[in-house]
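Following: one structure in structure tokens, then a few remarks.
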Amino acid sequence: MLPLAACFAPGEGTHTVSDYLADDAMRAGQLAKCRENPGQLADTPNCKNATEADGKARLQRMNKALGG
């Protein structure tokens, strides 16, 4: 008997906000995909999580620049 997982197409999986916050390249790549096709991807968990992580990363950079 084949495992049930074999019935599904391989996907990229869902990454958390923390995953995207920790990996700038992964976040940038996901954001590029989201911006390329917002009609289909904007409401996906990965686009939402990458966007949230991008906002947090910007705040962290601003705080650091201001000496915080």
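Just the heavy atoms: all of them, side chains too, but no hydrogens, waters or symmetry mates, feed the values below. Throughout, residue positions are numbered sequentially from 1 according to the sequence presented.
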Between Ala57 and Arg27, the two heavy atoms sitting closest are CB-NH2, 3.7 Å
Could you give the distance from CG (Leu41) to NZ (Lys33), rounded to the nearest 0.5 Å? 9.0 Å
Is any side-chain heavy atom of Val17 less than 4.5 Å from a side-chain heavy atom of Lys48? no
Partners of Asp23 by side chain to side chain donor-acceptor pair (under 3.5 Å), sequence neighbours excluded? none
Would you tell me whether Asn37 and Gln40 have side-chain atoms, one donor and one acceptor, within less than 3.5 Å of each other? yes
Intermediate values then yes/no, side-chain contact (heavy atoms from CB on, under 4.5 Å), Lys64 and Gln60: CA-CA 6 Å; Lys64 188 174 181 180; Gln60 286 177 354; over 6 Å; no
Report yes if the side chains of Tyr20 and Thr51 come closer than 4.5 Å at any heavy-atom pair, otherwise no. no
Rounded to the nearest 0.5 Å, what separates atom OG in Ser18 from atom CG in Asn49? 9.0 Å
Search all heavy atoms of Cys47 against all heavy atoms of Ala42 and return the closest pair with its distance. CB-O, 3.9 Å
Show the nearest heavy-atom pair for residues Gln30 and Ala50, with the distance to one decimal. CG-CB, 3.8 Å
Listed partners of Thr16 passing side chain to side chain donor-acceptor pair (under 3.5 Å), at least two apart: Asp19
